[in-house]
Amino acid sequence: MHQFVSDGYKAGTKAEEMVNTLQDVWHDAIFEATYEIDGKIHASGMDFNDAIQAQYTSFKKNGDLSKLKSHQAALEADMDKLKNPPAKYKDIYHDIVDAYGSLKEFTEMADDPSGSLDSFTDKANELDSEVAKKLNAVDVQLPEEK
């Protein structure tokens, strides 16, 4: 359970970083004359999807995408280990499953952005807050590590 919380914070932090970058590039490609990817300035064109794709390619090249996928895999492994918890941990297990659902949705947003900029931003803000709240709720319930 402790490992799940640790991995959850790592995954949430990486997803938040990537989602924020996507939002910035997406916004600037629509509303500004230029947008920035990897320190390079690009002229905003007619299709903001090109900017989002360029940022996604950057995530692949700089290792962010592989780090996110690694965090996702760690969470899945944690969930496999946590199946069939003892009766005294059933309540916290349900909270962990709930947190995992939000984490999964949030990390998938970083990997596959969709919708409009407004809907993406609204959903990202909602999930970012939800993930932090749910992980904190699990964290405070954890028994002391020995």
Side-chain angles (χ1 to χ4, degrees), residues 1-32 35-40 42 44 47-146:
M1 292 184 288
H2 289 277
Q3 189 62 52
F4 170 82
V5 171
S6 175
D7 290 341
Y9 283 130
K10 290 174 189 171
T13 299
K14 178 50 72 181
E16 178 182 50
E17 175 188 305
M18 291 171 69
V19 163
N20 287 343
T21 299
L22 285 165
Q23 287 173 315
D24 289 345
V25 168
W26 197 339
H27 173 273
D28 291 353
I30 294 172
F31 297 109
E32 304 296 332
Y35 60 92
E36 182 179 334
I37 296 176
D38 295 332
K40 295 178 185 152
H42 303 270
S44 295
D47 191 356
F48 60 86
N49 288 309
D50 292 340
I52 294 168
Q53 184 58 48
Q55 182 59 61
Y56 188 79
T57 299
S58 171
F59 287 154
K60 284 182 181 177
K61 286 181 183 175
N62 71 16
D64 282 342
L65 190 58
S66 63
K67 286 177 191 169
L68 182 69
K69 299 246 184 229
S70 176
H71 292 316
Q72 289 170 319
L75 286 170
E76 288 176 26
D78 294 340
M79 293 305 293
D80 285 343
K81 291 176 189 171
L82 292 172
K83 287 181 181 169
N84 302 316
K88 68 180 183 177
Y89 295 121
K90 288 281 187 195
D91 288 341
I92 193 170
Y93 177 72
H94 290 296
D95 290 343
I96 287 171
V97 169
D98 188 36
Y100 174 72
S102 296
L103 269 164
K104 186 169 174 60
E105 192 174 354
F106 191 42
T107 59
E108 287 173 352
M109 285 187 77
D111 186 24
D112 187 20
S114 62
S116 68
L117 175 59
D118 286 342
S119 68
F120 181 81
T121 299
D122 290 346
K123 188 68 174 175
N125 290 340
E126 175 188 325
L127 284 171
D128 193 8
S129 175
E130 196 174 289
V131 163
K133 184 173 130 187
K134 289 179 179 182
L135 282 175
N136 287 334
V138 169
D139 199 15
V140 300
Q141 296 178 67
L142 292 176
E144 291 293 319
E145 283 189 284
K146 295 179 183 179

Answer whether the closest heavy-atom distance between the side chains of Val97 and Leu82 falls below 4.5 Å.
no
For Leu22 against Ala110, the heavy-atom pair lying closest together
CD1-O, 3.6 Å
Rounding to 0.5 Å, atoms CD (Gln23) and CE (Met109) come to a distance of 7.5 Å
Side-chain heavy-atom pair Asp128, Val19 within 4.5 angstrom cut-off:
no
Just so I know, are the side chains of Tyr100 and Glu76 near enough to count as touching, which here means a heavy-atom distance under 4.5 Å?
yes
Could you measure the distance from the OH atom of Tyr89 to the CG atom of Asp95? Nearest 0.5 Å is fine.
14.5 Å
Which residue is it: Lys14, Lys69, Gln72? I am looking for the one with a side chain to side chain donor-acceptor pair (under 3.5 Å) to Thr107.
Gln72
Give, for atom CD of Glu126 and atom OG of Ser102, the distance between the pair rounded to the nearest 0.5 Å.
8.5 Å
Can you classify the ring geometry of Phe120 versus Trp26 as parallel (below 30°), tilted (30 to 60°) or perpendicular (above 60°)?
tilted
Just verifying a value: how many Å separate Ile52 CD1 and Gln55 CD, rounded to the nearest 0.5 Å?
10.0 Å
Non-hydrogen atoms of Ser44 and Tyr35 that approach each other most closely:
OG-CD2, 3.7 Å
Here the pair of heavy atoms bringing Asn49 nearest to Asp47 is N-OD1, 2.9 Å
Do Asn136 and Tyr9 pass the side-chain hydrogen bond (donor to acceptor under 3.5 Å, both in side chains) test, and can you show the C-alpha distance, the side-chain angles, and the key distance before you say yes or no?
CA-CA 9 Å; Asn136 287 334; Tyr9 283 130; 2.6 Å; yes
Give the intermediate values and the outcome of salt bridge (Lys or Arg N to Asp or Glu O under 4.0 Å) for residues Glu130 and Lys133.
CA-CA 5 Å; Glu130 196 174 289; Lys133 184 173 130 187; over 6 Å; no
Does Asp50 have more than 12 heavy atoms from other residues, nucleotides or ligands lying within 6.0 Å of its CG?
yes
Search all heavy atoms of Val5 against all heavy atoms of Val138 and return the closest pair with its distance.
CG2-CG1, 3.6 Å
Distance in Å, Ile96 CD1 paired with Lys134 NZ, rounded so as to fall on 0.5 Å steps:
13.0 Å
Among Asp112, Asp64, Ile37, Leu65, which residue satisfies the side chain to side chain contact (heavy atoms under 4.5 Å, CB included) criterion with Tyr56?
Leu65
Does the side chain of Lys83 come within less than 4.5 Å of Tyr93's, by heavy atoms?
yes
A quick test of your reading: do over 12 heavy atoms of other residues, nucleotides or ligands sit less than 6.0 Å from NZ of Lys90?
yes
Is the backbone N or O of Ser66 less than 3.5 Å from a side-chain atom of Ser70, with the two atoms forming a donor-acceptor pair by type?
no
For side-chain contact (heavy atoms from CB on, under 4.5 Å), just list the numbers for Leu117 and Phe48, CA-CA rounded to whole Å, side-chain angles, deciding distance to a tenth of an Å, and then say yes or no.
CA-CA 10 Å; Leu117 175 59; Phe48 60 86; over 6 Å; no
Is there side-chain contact between Phe4 and Ile92, with at least one heavy-atom pair below 4.5 Å?
no
Applying side-chain contact (heavy atoms from CB on, under 4.5 Å) to Met1 and Gln141, what does each step give before you reach the verdict?
CA-CA 10 Å; Met1 292 184 288; Gln141 296 178 67; over 6 Å; no
How long is the span from the NE2 atom in His2 to the CG atom in Asp7, to the nearest 0.5 Å?
13.0 Å
Stepwise, does the side-chain contact (heavy atoms from CB on, under 4.5 Å) test hold for Phe106 with Lys123?
CA-CA 9 Å; Phe106 191 42; Lys123 188 68 174 175; over 6 Å; no
Looking only at non-hydrogen atoms, find the nearest pair between Ala11 and Leu75 and report the distance.
CB-CD1, 3.6 Å
Worked verdict on Phe59 versus Thr21 for side-chain contact (heavy atoms from CB on, under 4.5 Å):
CA-CA 10 Å; Phe59 287 154; Thr21 299; 4.0 Å; yes
Just by distance, do the side chain of Thr13 and the backbone of Lys10 share a donor-acceptor pair under 3.5 Å?
no
